[in-house]
Amino acid sequence: MAGRRRPVTGVTGVVVRLKLSLVRNGLRQSGGRRAAYVASAVVTLLFAVLQFVGLVALRGHAHAASLGVSLVAVLGLGWAVVPLFFPSGDETLDPTRLVMLPLRPRPLVRALLAASLVGIGPLFTALTLLGSAIAVTHGAVAYGTAVLGVVLGLLVCVALARAVAAANIRLLTSRKGRDLAVLSGLVIAIGAQVVNFGAQRLGTAGLGPLDPVARVLAWAPPASAIGAVDAASQGSYGVAAARLVVTVGALAALVALWARSLTRLMTAPDGSTLQAAEPSAEGRRSGRAPGARRLLPDGRTGAVMERGLRYVWRDPKTKAAWVSSLAIGLIVPVFNAVQGTGSIYFACFAAGMLGIQMYNQFGQDTSAFWMVATTVSSTRDAYVELRARALALLVITLPYATLVTALTTALLGDWARLPEALGLSFALLGAMLATGAWTSARFPYSIPQEGYKNVAPGQAGLAWIAIFGGMVAAALLCAPVIALTIWLNVSAGGDAWTWTLLPAGAAYGTALTLLGLRLAAPHTATHLPEILTAVSKG
């Protein structure tokens with residue numbers, strides 16, 4: 001009797017069940033993870049339902065189409081960006097896990113596309129698309145277009161996420177990809193500020209300002225799907241058909257790009273199978289420093305500055321802190337200036353945010369600080385070390401604070417106050433460098449290399465004293481320059497002398513920096529073992 005052959009299961013069904021199994025097994029790992037997942041799902045669904053109801057309530061509103069098109073465009077941008085920052089959020093986003101299986105790219109594309117429709121994100125997207133479509137649908141043709149548009153819009157979103165993930169999977173699984181994950185919080189924070197700014201403008205001006213933007217976005221997938229529904233509701237069937245063709249074309253292009261990336265990933269060798277590259281000619285040259293290193297001074301000062309700048313570029317925690325400070329230092333004064341509620345003195349926020357990077361200088365070295373400690377045998381060595389670290393910060397902070405101040409001044413049109421704003425910024429920066437050097441020597445703490453914590457357990461008190469205590473001290477040290485600024489602005493004829501605040505602030509900030517370094521150097525030289533112990537706890 002011939003053996004009965006087992007039915008062949010389709011790839012799509014297997015991959016969908018795999019996705020469900022991954023979600024289910026992930027929730028089994030701990031009660032906390034289950035609680036977090038359920039809580040986030042409930043909050044997301046609640047927001048999605050409320051948003052859906054709000055969009056439906058706008059049905060018949062003059063600007064409902066503009067809001068729906070803009071909202072779907074932002075949603076599509078989110079689908080394109082999220083895989084770059086959260087590659088570990090979905091195990092099936094990594095196609096390299098399937099390279100050893102006998103699967104063809106096109107069936108795998110269909111299977112992964114179906115698996116992409118499982119989850120809270122696709123449900124949220126479907127509700128947003130459905131609410132936007134209902135808000136603009138009028139007439140039988142429009143209803144038929146809406147059904148097709150919602151399906152196409154959802155498929156474009158998930159295909160976009162998959163195509164981006166597949167094209168960048170080598171990056172996302174490398175160290176640079178982990179750097180992107182560390183910086184994801186920054187992108188979310190900046191995006192929240194942009195959304196808040198836009199909401200405030202819409203709250204005062206209404207939805208009308210969205211109309212010109214929406215007319216452009218209505219031709220950009222996936223927003224073109226909602227644009228097609230709106231055009232069909234207005235009787236512009238040719239425009240509706242053209243926008244649907246654009247949406248279908250985008251979906252086909254994304255699927256093709258995705259399939260091509262899968263083929264390359266499953267057939268092309270990666271870096272682990274290739275021979276190491278030959279050393280560059282630049283690296284073989286002796287006695288010549290590459291790139292910007294030539295601009296740094298010789299000796300210990302140049303070496304320490306180069307090390308500090310390399311931390312900024314290569315270390316994920318240091319990079320995240322710097323980029324956050326650079327972004328927030330620009331957002332606060334510029335956004336307030338654009339809204340008409342800002343002041344020229346808000347530009348000092350950039351110097352303050354960047355000055356924070358001087359605090360806990362030794363903590364960023366972690367246990368590797370012992371290599372620095374072996375080179376410090378005197379107060380002079382400690383002074384040169386601290387001075388070089390401050391100079392490395394100034395390479396970035398000084399031009400950046402100047403740029404932000406000039407940009408804020410230009411937006412406000414208050415060029416007469418530029419010298420005093422720069423003087424205050426330079427004085428504040430010098431005060432923070434001084435207090436940062438002093439607190440780095442007396443209140444060092446460890447920065448864990450793994451995870452998202454910036455302070456090792458048991459050292460939170462040290463971090464609070466170092467950062468907030470130092471910031472308060474820096475503000476008090478700036479009191480003379482602040483008092484001089486107020487006096488010149490309120491006294492008769494003082495406006496003619498406000499330009500002196502620029503050289504006065506720069507000189508005062510320089511003097512504070514040198515004084516802080518002088519006071520911190522002796523303690524650093526004599527307490528190296530204690531500092532090493534504190535920064536190595538993480």
Side-chain angles (χ1 to χ4, degrees), residues 36-83 85-86 89-90 116-138 142-143 145-161 184 187-211 213-215 217-218 220-230 232-233 243 247:
Y37 181 84
V38 171
S40 61
V42 170
V43 172
T44 303
L45 289 177
L46 179 62
F47 181 77
V49 171
L50 292 176
Q51 181 179 255
F52 173 79
V53 173
L55 289 170
V56 174
L58 287 175
R59 181 179 170 83
H61 192 279
H63 305 291
S66 298
L67 178 61
V69 168
S70 302
L71 189 61
V72 173
V74 173
L75 191 63
L77 179 63
W79 275 93
V81 171
V82 166
F85 296 113
F86 300 98
D90 183 356
S116 300
L117 299 175
V118 178
I120 302 299
L123 181 58
F124 178 88
T125 303
L127 287 174
T128 302
L129 287 165
L130 185 59
S132 301
I134 293 176
V136 300
T137 302
H138 302 283
Y143 275 107
T145 306
V147 173
L148 185 59
V150 169
V151 174
L152 287 175
L154 180 60
L155 291 177
V156 166
C157 287
V158 295
L160 178 60
S184 60
V187 175
I188 294 173
I190 296 175
Q193 291 292 333
V194 174
V195 171
N196 178 55
F197 173 68
Q200 291 180 5
R201 293 295 300 272
L202 293 177
T204 56
L207 297 177
L210 287 177
D211 289 345
V213 178
R215 282 194 291 269
L217 294 177
S224 55
I226 304 301
V229 179
D230 179 54
S233 299
R243 289 175 177 173
T247 308

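It should be emphasised that the depicted structure is a prediction, and the values quoted were computed from it without experimental measurement.
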Validation: residues 151-158 side-chain donor-acceptor distances under 3.5 Å, sequence neighbours left out:
none

Task: Where Thr137 and Ser233 come nearest, the two heavy atoms and their spacing - done: CA-OG, 3.4 Å
Task: Considering all heavy atoms, the nearest Phe52-Leu127 contact - done: CD1-O, 3.5 Å
- [ ] Using the test ring pair (Phe, Tyr, Trp, His ring centres under 6.0 Å), find all partners of His138 that sit at least two apart in sequence or belong to another chain.
- [x] none
Task: Sole residue of Val72, Leu55, Leu71 in side chain to side chain contact (heavy atoms under 4.5 Å, CB included) with Leu129 - done: Val72
Open item on the list: If I compare all heavy atoms of Ile120 with all of Ala41, which pair ends up nearest, and what's the gap?
Closed with: CD1-CB, 3.9 Å
Task: Flag for Ser224-Thr247: side-chain donor and acceptor within less than 3.5 Å - done: yes
Task: Qualifying side chain to side chain donor-acceptor pair (under 3.5 Å) pairs, either residue in residues 67-78, two or more places apart - done: none
All N/O donor-acceptor pairs, side-chain side in residues 44-51, below 3.5 Å, sequence neighbours left out:
unit_1, atom_1, unit_2, atom_2, d
Thr44, OG1, Ser40, O, 2.7
Gln51, NE2, Thr128, OG1, 2.7

Task: Gly149 to Ala225 - nearest heavy-atom pair and separation - done: O-CB, 3.3 Å
Task: Which residues share a side-chain contact (heavy atoms from CB on, under 4.5 Å) with Val74, sequence neighbours left out - done: none
Task: Test side-chain contact (heavy atoms from CB on, under 4.5 Å) applied to Ala220 - qualifying residues, sequence neighbours left out - done: none
Open item on the list: For a 4.5 angstrom cut-off between non-hydrogen side-chain atoms, does Tyr143 reach Val229?
Closed with: no
